[in-house]
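A short worksheet on the structure shown next.
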Protein chains: 2
Amino acid sequence: MAAKKKSEEIIPTIKDIPNLYNILSEEERSYLLDNHTTLAYKKNDIIYRESDKPTGLLCLGSGKVKIFKEGVGRREQIVRMASAPDFIGYRALFAEDLHIAAAEVIEPCTIFHIPRTVIYKLMQTNPALSMTFMKSMAKELGFARYRTVTLTQKHIRGRLAESLCVLKEVYGYEEDGQTLSVYLSREDLANFSNMTTSNAIRTLTTFVNEKVLAVNGRVIKILDEDTLEKISRLG
Amino acid sequence: MAAKKKSEEIIPTIKDIPNLYNILSEEERSYLLDNHTTLAYKKNDIIYRESDKPTGLLCLGSGKVKIFKEGVGRREQIVRMASAPDFIGYRALFAEDLHIAAAEVIEPCTIFHIPRTVIYKLMQTNPALSMTFMKSMAKELGFARYRTVTLTQKHIRGRLAESLCVLKEVYGYEEDGQTLSVYLSREDLANFSNMTTSNAIRTLTTFVNEKVLAVNGRVIKILDEDTLEKISRLG
DNA sequence: GTAAAACAGTGTTATATAACACAAATTTAA
DNA sequence: TTAAATTTGTGTTATATAACACTGTTTTAC
C-alpha cells in the first residue's frame, strides 16, 4: 500500500506466464518475444467492453481485474475476478465471438497482448498450447456452472460468504495471513454476490458481529475461515 | 411420436458427428472407427453422475439429454439441454476433473464413446481438432455467463420465456413450425428456469391466456415468437 | 483547500416468489 | 383394471430480499 513500494516494483515480462512460456520451444519463444506488446493500465481503466471484438490473447502479468456483464437495468454482475498470471478475454477470441463481458482494472496492471494470428500460429505447431487453453477454459466453465447454482439458490449470507472465500482463493492473504489481498467497494462485493449494496453492507456487519470477519473500511480480515466456509456451504 | 416410426429410424454412426469426423485425415478416421464404442440409452437413463470420473469423449449421435447440477436441498438446476450432434461431458475430461453435473436421457440416445487416450492422441496430430473443442467450450462458457445473469436478474416471466426460446434454438419445431420439439415435465421446465414447479405452471398458464403459447399437456406450441422473445428480453 | 461527487451505513416499506396444502388428472406398475 | 404413484393445477400464506429514502463519511477533482 505504501507509495514507495510501488516505485520499487519490478515489471513482469511475458516469461512470467509459465502456462504459456514454459511449454514453448526455443524457436517459438523467440517468435513470441518478437510478436507481442506490453501494456500498462491504471485503476479503473477499461481493458475491453462488452461487444468489442477481441484482437488477440491478453495475459495478465500483474495487477487485478474484474470481469462483468451488464444485466437488467444496468445492474452489473461480476462473473470473474482475475489475478496474475491469468489469461483474460480469450473466451471470445476462441469462440470467434464479440466480448460478452467487460474487463476493468481494480489494481494497476501489466498486460501482454499477443495478436490473434500469432497465437493461432503457435497453436498450430504446439498441441500442448491448445491443451493449456482448453484446460483453463474448462476450469472456468466449471466455476461458472458452480456459481450459477449458488448465486440462484443460496441465501444472501451464503452468497456473500462464498464470494469472500473465492476472493481468498484468487488473491490470497496479506503477510498477516488474515487480511484479504483485495480492496473492493461494497458495490463490487454486492455485484459479485448477486445482491444489493445495502444488503452486502448489512451482511458484512452481521459477519463482524459474529466475529467471522473484521472490517476496517475496505480492508477485510477473515478471522474464522472455517465458519465462513460453513456459512458458504450451507447456503 | 408413432411407435412405428421408431422401428424405422436409422441408427447414426460416428460419421454423423461432422465437427469431429470431417476434420480428420483418412488415417485418423480409420483409427477413430476402430477405437470407439456405440452405446444405446433409453429414457431416464443416467449417462454419468456428479463426481463420476470421465473416461473419454462422449458424442451424442441421436436423442436428447439434460445436464443438471444438484443444488441446495436436492433442488436440481438444469445447466444445459443437449441435442445431436453435440459433445457431452467433455468439460470434465479436458479440465481433468470429476464430472460436476449429471447427464440424463430425455429421449432415447445413441452415444459414441471415444476413450481418453484415443481422443488425446488425435488431438496431438490434428490441431484443428483441438480448435473444434475449444470453440465448442468457448460457446458453452458464453452461454453459461449469459444464463448466470438472466437466471439471477430476470423475473419469472422473463426466465421462463427465455428458457422456451433456448429450447426452440436447441431442438427446433416439429413439422408444423410451431410445436416445440421437446417433451418436458413442468418440473424440468422449472429446473431449467430457476423457479418452483408451481410457478412454472402458473406462468405457462398466463402465457396461454395471453395467446403467446398453446399448451396441451406437455406439448407446447409457440404461437407468438416475437412476443415471447420480447418478454424474455425485458426480463 | 474547498466544493462536489461517490461511497458507506441504517431504517422502513413493498413485493416477487418460495413454501405449503390440497384436489384433480394422468401415468405407471402389479 | 385397479391401486399406487406421479404429475398437474390452484389457492393461501410466509418471507427473503429489493427498493427507497435519508444521513454521515470518504474520496476525488479543480
Side-chain angles (χ1 to χ4, degrees), chain A residues 1 3 42-45 66 71-77 104-107 149-163 182-209 213-220 231 234-235, chain B residues 1 3 42-44 71-77 104 106 149-163 182-209 213-220 231 234-235:
Chain A
M1 285 293 125
K42 44 191 204 317
K43 197 170 144 79
N44 299 329
D45 280 354
K66 69 170 174 182
V72 178
R74 336 225 59 174
R75 185 171 152 206
E76 81 178 40
Q77 172 71 50
E104 185 178 325
V105 174
I106 295 216
E107 254 178 53
V149 174
T150 65
L151 291 180
T152 56
Q153 296 192 3
K154 284 184 185 173
H155 285 180
I156 253 191
R157 282 167 59 83
R159 299 207 298 271
L160 185 62
E162 182 180 299
S163 292
V182 239
Y183 197 72
L184 290 178
S185 68
R186 302 292 191 260
E187 193 181 0
D188 279 340
L189 232 34
N191 291 341
F192 191 43
S193 312
N194 182 37
M195 64 186 64
T196 55
T197 307
S198 315
N199 279 328
I201 292 169
R202 261 187 266 268
T203 309
L204 228 34
T205 305
T206 69
F207 287 164
V208 170
N209 291 338
L213 301 179
V215 171
N216 185 355
R218 295 192 180 181
V219 178
I220 297 174
I231 297 170
L234 301 181
Chain B
M1 285 291 127
K42 45 192 204 316
K43 195 169 145 84
N44 298 329
V72 179
R74 335 225 61 172
R75 185 170 152 205
E76 81 178 39
Q77 172 72 48
E104 185 179 327
I106 293 213
V149 174
T150 66
L151 290 181
T152 56
Q153 297 193 2
K154 284 184 185 174
H155 285 182
I156 254 192
R157 282 167 60 82
R159 300 207 298 272
L160 184 63
E162 183 179 299
S163 292
V182 240
Y183 198 73
L184 291 177
S185 68
R186 302 291 191 261
E187 193 181 3
D188 279 339
L189 232 34
N191 291 341
F192 191 43
S193 312
N194 182 36
M195 64 185 65
T196 56
T197 307
S198 317
N199 278 329
I201 292 168
R202 262 187 264 268
T203 310
L204 229 34
T205 305
T206 69
F207 287 165
V208 171
N209 291 338
L213 301 179
V215 171
N216 185 356
R218 294 190 181 181
V219 178
I220 296 174
I231 296 169
L234 301 180

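Note on naming: letters A, B, ... go to the chains in the order of the sequence lines (proteins, then strands), and numbering restarts at 1 for each one.
For the pair Tyr183(A) and Val219(A), the tightest heavy-atom approach, listed with the atom from each and the gap, is CE1-CG2, 3.9 Å.
With rounding to whole Å, Lys42(A) atom NZ is found 13 Å from dT28(D) atom P. Between the CG atom of Asn216(B) and the P atom of dA25(C) there is a distance of 15 Å, rounded to whole Å. Atoms CG (Leu189(B)) and C1' (dT8(D)) sit 13 Å apart, rounded to a whole Å.
Considering Val182(B), Thr197(B), Leu160(B), Ile201(B) as possible partners of Leu189(B), the one that fulfils the side chain to side chain contact (heavy atoms under 4.5 Å, CB included) test is Leu160(B).
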For a quick check, with a 4.0 angstrom heavy-atom cut-off, what is the B/S/- contact string for nucleotides 7-20 of chain C, read 5' to 3'? SSBBBB---SSBBB

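In this structure, Asn194(B) contributes its side chain and Leu151(B) its backbone to a donor-acceptor pair below 3.5 Å. Of the possible donor and acceptor atoms, one in the side chain of Gln153(A) sits under 3.5 Å from a partner among the backbone N and O of Val72(B).
More than 12 heavy atoms of other residues, nucleotides or ligands lie within 6.0 Å of CG in Asn209(B), so this atom counts as buried by the packing criterion.
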